[in-house]
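Take a look at the structure below.
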Amino acid sequence: MKKITLKEYIEFVGNKKAAVIFDCSEAACKAWRYGYRQPTINQAKKIIIATKGSLTYDAIYGPVTEHI
């Protein structure tokens, strides 16, 4: 089963719907989608909870090994 990334998730549902799901602004979703910004840790927690774990830390920020 392919893991979906935050970018892919937002592309699939759209910026407006993602903003409602994640309880954030549409501009924030757009910035995450295009890689201008990343969610804060608190925003990432909201995203993980809102998607019932479908999006994980790796799906939001990328694999931990990429950050080392």
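Note that the structure is predicted; figures quoted are calculated from it, not measured. Counting begins at 1 with the first residue of the sequence.
The hydrophobic cluster containing Tyr57 also contains Ile4, counting ILVMFWY residues as joined when their side-chain heavy atoms lie under 4.5 angstrom apart, directly or transitively. Under the 4.5 Å side-chain contact rule for hydrophobic residues, Leu6 and Tyr34 do not share a cluster. Follow the hydrophobic side-chain contacts under 4.5 Å out from Ile60 and you reach Phe12 in the same cluster.
A salt bridge between Asp23 and Lys46 is present, with a side-chain N of the basic residue lying under 4.0 Å from a carboxylate O of the acidic one.
Across Cys29 and Ala19, no two heavy atoms sit closer than the pair SG-N, 3.4 Å. Closest heavy-atom contact between Lys3 and Glu8: O-OE1, 4.0 Å.
The backbone N or O of Pro39 lies less than 3.5 Å from a partner atom in the side chain of Tyr61, making a donor-acceptor pair.
When side chains are defined from C-beta on, Ile10 counts as touching Asn15, because their heavy atoms get closer than 4.5 Å. Side-chain contact between Trp32 and Arg37: present, with at least one pair of heavy atoms (C-beta onward) separated by less than 4.5 Å. Between Tyr9 and Ile47 there is no side-chain heavy-atom pair separated by less than 4.5 Å.
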Chi angles and distances behind the side-chain contact (heavy atoms from CB on, under 4.5 Å) call for Val13, Phe22: CA-CA 12 Å; Val13 301; Phe22 301 149; over 6 Å; no
